[in-house]
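Quick notes on the structure that follows.
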Amino acid sequence: MNFKTYKSYDQCRKLWQKFSPSKRLFDIWELRSSFYDKKEHELCFITAKEGRNYVGLLPLMTNKTTGETNYFGDWFPERNYIFLNDKTKMIELLAKCP
C-alpha cells in the first residue's frame with residue numbers, strides 16, 4: 001500500500017464524496033464541512049492506494065494552534081469514519097496518523 005496526505009479543500013471534498021456512504025445526514029460533505037474552520041484547522045486526509053486504486057481514507061484535520069488532530073468534523077462524534085477496503089491493513093493506515 002502507498003500512502004499520501006491531502007490538504008487541499010477541493011481534493012479532500014472529492015475524496016470524502018468518493019468514500020462516504022452518504023446514507024445519513026452527517027455523511028454529506030456540506031454538513032460535515034460546516035464543522036471545519038479553515039482559519040483554525042488544516043485538513044489532513046490520508047489515503048491508501050494499491051496500484052491506481054484508492055483502498056482507504058482516514059479523514060482528519062489538525063488544529064493550527066494546538067497541533068491536536070481530530071476526525072474531519074472536529075470533536076463531534078457522530079459518524080466518524082476510517083474507510084478501508086481491507087481491514088487487515090488498519091495498522092498500516094493508522095501508523096500514518098500525525
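Note that the coordinates shown come from a computational prediction; the quantities given were computed from them, not determined experimentally. The first residue in the sequence is number 1, and the count goes up from there.
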Worksheet item: For the residue pair Ile46 and Leu93, what are the closest heavy atoms and their distance?
Response: CG2-CD1, 4.0 Å
Worksheet, complete the sentence: Closest non-hydrogen contact found for Pro59 with Trp16 is CG-CZ3, 3.7 Å
Discussion item. Can you confirm whether Lys23 is buried at NZ, in the sense that more than 12 heavy atoms of other residues, nucleotides or ligands lie under 6.0 Å from that atom?
Written reply: no
Fill in: Enclosure of Lys64 NZ (heavy-atom neighbours >12, cutoff 6.0 Å)
yes
Practice prompt. Mind running salt bridge (charged side-chain N to carboxylate O under 4.0 Å, His left out) on Arg13 and Asp10 for me, showing each step along the way?
Written response: CA-CA 5 Å; Arg13 178 181 48 80; Asp10 289 333; 3.7 Å; yes
Worksheet item: Can you name the one residue among Tyr36, Trp29, Phe72 that meets side-chain contact (heavy atoms from CB on, under 4.5 Å) with Cys12?
Response: Trp29
Worksheet item: So how far is it from Phe19 CZ to Asn85 CG, rounded to the nearest 0.5 Å?
Response: 6.5 Å
Fill in: Tyr71 vs Leu58 side-chain heavy atoms within contact, under 4.5 Å
yes
Fill in: Qualifying side-chain hydrogen bond (donor to acceptor under 3.5 Å, both in side chains) pairs, either residue in residues 88-98, two or more places apart
Glu50-Lys89, Asp86-Thr88
Worksheet item: Once you round to the nearest 0.5 Å, how far does OG of Ser20 lie from CG of Leu15?
Response: 12.0 Å
Item to complete: Measure the shortest side-chain to side-chain distance between Glu40 and Asn63 over non-hydrogen atoms and say whether it is less than 4.5 angstrom.
Response: yes
Item to complete: Please round to the nearest 0.5 Å and tell me the distance separating atom CG of Leu60 and atom OG1 of Thr69.
Response: 6.5 Å
Worksheet item: Can you tell me how far NZ of Lys49 sits from CG of Leu57, rounded to the nearest 0.5 angstrom?
Response: 12.5 Å
